[in-house]
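The residues of the chain are indexed from 1 along the displayed sequence. Quick caveat: nothing in here was measured; it's all calculated off a predicted structure.
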Amino acid sequence: MTDTWLIVGLGNPGTEYSNNRHNVGQMVLDELARRIGAGFKVHKARAHVLEGRLGIGGPRVVLAKPMSYMNVSGGPVSALAKFYDIDPEHVVAVHDEIDIPFNTVKLKIGGGEGGHNGLRDISKALATKDYLRVRVGVGRPPGRMDTADFVLKDFAAAEKKELPFLLDDAADAVETVVRDGLPAAQQKYHTAVQ
């Protein structure tokens, strides 16, 4: 096995979805790509990928944005993990999370999927839940709005002003978990005053 990390930004393909809350994982990967200074290329595993290092001499990473819809993210993730010979413990899924407030980033390994069909599909395809998750808070739907309708909407005007900071924090969290490990990353992001 390699010491390379597979960092997957979850979302839906197509410009009509690109600014949805559900695509915040892919937005975080765009920020990481900007930091690496390279662009994504099409990979045969039905994903856009970028191979590089996080910082000078930093860990080797494969950033991946599946070209499949969110609910069937598992196939591309599993195919990329096999292609690059990456263990599930070195897979990081970056995704939207309605159970934490907007502007908050939380990290964990394993556990339930909280009704997130993208994560459920990845767990099934990898045959384990023991991969890392960088959970980017998008908040709960207002009133009785359906969850699916909420995550498939763009961020509200007030949120859009804060979004660059959230994406920056989430990208930092990815870098920290890959470079320093989960406990150090949790210490930094779970105790930070939001």
Side-chain angles (χ1 to χ4, degrees), residues 2 4-55 58-98 105-107 113 116-126 131-138 148 151-155 159-160 163-164 166-178:
T2 66
T4 301
W5 292 80
L6 174 60
I7 301 165
V8 183
L10 297 188
N12 286 313
T15 50
E16 69 272 32
Y17 297 108
S18 60
N19 295 312
N20 288 178
R21 290 180 178 93
H22 221 21
N23 276 44
V24 76
Q26 294 195 350
M27 295 176 201
V28 172
L29 259 69
D30 288 336
E31 170 57 24
L32 287 166
R34 192 190 62 70
R35 293 177 182 190
I36 290 172
F40 288 89
K41 293 179 175 60
V42 176
H43 191 279
K44 65 182 181 185
R46 294 193 347 263
H48 290 114
V49 301
L50 184 168
E51 297 174 44
R53 291 197 178 274
L54 289 179
R60 223 174 90 64
V61 294
V62 176
L63 304 183
K65 299 193 287 188
M67 293 189 291
S68 60
Y69 282 92
M70 171 77 85
N71 296 355
V72 288
S73 300
V77 173
S78 164
L80 288 166
K82 278 191 191 82
F83 182 86
Y84 288 102
D85 197 26
I86 297 171
D87 273 337
E89 302 83 68
H90 272 217
V91 173
V92 181
V94 186
H95 64 90
D96 60 311
E97 178 63 72
I98 61 164
V105 176
K106 299 269 186 195
L107 304 101
E113 289 99 0
H116 199 295
N117 292 328
L119 293 176
R120 189 173 296 133
D121 200 58
I122 292 171
S123 298
K124 195 170 123 194
L126 293 177
Y131 54 91
L132 291 150
R133 295 107 188 258
V134 174
R135 305 157 68 212
V136 184
V138 295
V151 296
L152 291 174
K153 283 200 178 335
D154 289 0
F155 286 97
E159 293 172 328
K160 281 181 186 160
L163 189 58
L166 177 60
L167 299 178
D168 206 42
D169 280 352
D172 288 348
V174 170
E175 289 197 28
T176 306
V177 79
V178 167

Original post:
Should Phe40 and Lys65 be marked as a side chain to side chain contact (heavy atoms under 4.5 Å, CB included) after you check the CA-CA gap, both sets of side-chain angles, and the distance that decides it?
Top reply: CA-CA 9 Å; Phe40 288 89; Lys65 299 193 287 188; 3.9 Å; yes

Subject >> Audit row: Val28, Val136, side chain to side chain contact (heavy atoms under 4.5 Å, CB included) steps and yes/no >> reply: CA-CA 9 Å; Val28 172; Val136 184; 4.3 Å; yes

Original post:
Could you go step by step and tell me if Val105 and Val134 meet the side chain to side chain contact (heavy atoms under 4.5 Å, CB included) rule?
Top reply: CA-CA 7 Å; Val105 176; Val134 174; 3.9 Å; yes

Subject >> Test log, rule side chain to side chain contact (heavy atoms under 4.5 Å, CB included), inputs His90 and Tyr131 >> reply: CA-CA 7 Å; His90 272 217; Tyr131 54 91; over 6 Å; no

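Between the side chain of Asn23 and the backbone N or O of Asn12, at least one donor-acceptor pair lies under 3.5 Å. In this structure, the side chain of Asn117 does not engage the main chain of Asn71 through any donor-acceptor pair within 3.5 Å. Judged by distance alone, the side chain of Asn20 and the main-chain N or O of Leu152 form a donor-acceptor pair under 3.5 Å. The backbone N or O of Pro59 lies less than 3.5 Å from no partner atom in the side chain of Arg53, so there is not a single donor-acceptor pair.
You'll find the side chain of Glu31 reaches within 4.5 Å of the side chain of Asp168, heavy atoms only. Side chains of Val24 and Leu167 form a contact here, defined as non-hydrogen atoms less than 4.5 Å apart. Using a 4.5 Å cut-off on side-chain heavy atoms (C-beta onward), Val62 and Trp5 make no contact. Counting heavy atoms from C-beta outward, Phe155 and Val138 have side chains that approach closer than 4.5 Å. Residues Val94 and Ile7 have side chains in contact (heavy-atom distance under 4.5 Å, counting atoms from C-beta outward). Between Val174 and Leu32, the closest side-chain pair of non-hydrogen atoms falls below 4.5 Å.
Separating the CG atom in Leu29 from the CZ atom in Arg34 is a distance of 13.0 Å, to the nearest 0.5 Å. To the nearest 0.5 Å, the span separating CD on Glu97 from CZ on Arg133 amounts to 9.5 Å. Between Arg46 atom CZ and Ser73 atom OG the span is 9.5 Å, to the nearest 0.5 Å. Between the NE2 atom of His116 and the CG atom of Leu10 there is a distance of 6.0 Å, given to the nearest 0.5 Å. Separation of atoms CG (Leu163) and CE (Met27) is listed at 6.0 Å; rounding is to 0.5 Å. To the nearest 0.5 Å, atom NZ of residue Lys124 and atom CD of residue Glu113 are 11.5 Å apart.
The shortest heavy-atom contact between Leu50 and Ala33 is CD1-CB, 3.4 Å. In terms of heavy-atom proximity, Leu119 sits nearest to Ala93 at CD2-CB, 4.1 Å. The shortest heavy-atom contact between Ser78 and Leu126 is CA-CD2, 4.0 Å. Looking at every heavy atom in both residues, Val49 comes nearest to Tyr84 through CG2-OH, 4.0 Å. Looking at every heavy atom in both residues, Ala64 comes nearest to Leu6 through CB-CD1, 4.0 Å. Across Ala125 and Gly74, no two heavy atoms sit closer than the pair CB-O, 3.2 Å.
Contact check on Lys41 versus Glu51 returns no salt bridge, with no Lys/Arg side-chain nitrogen under 4.0 Å from an Asp/Glu carboxylate oxygen. Salt bridge Asp30/Arg35: absent, no basic N to carboxylate O contact under 4.0 Å.
In summary, the side chains of Gln26 and Tyr17 do not present any donor paired with an acceptor at a separation below 3.5 Å, with no hydrogens or angles considered. Between Arg60 and Thr4, the side chains place a donor N or O and an acceptor N or O closer than 3.5 Å (distance only, hydrogens not considered).
The aromatic ring centres of His43 and His48 sit 6.0 Å or more apart.
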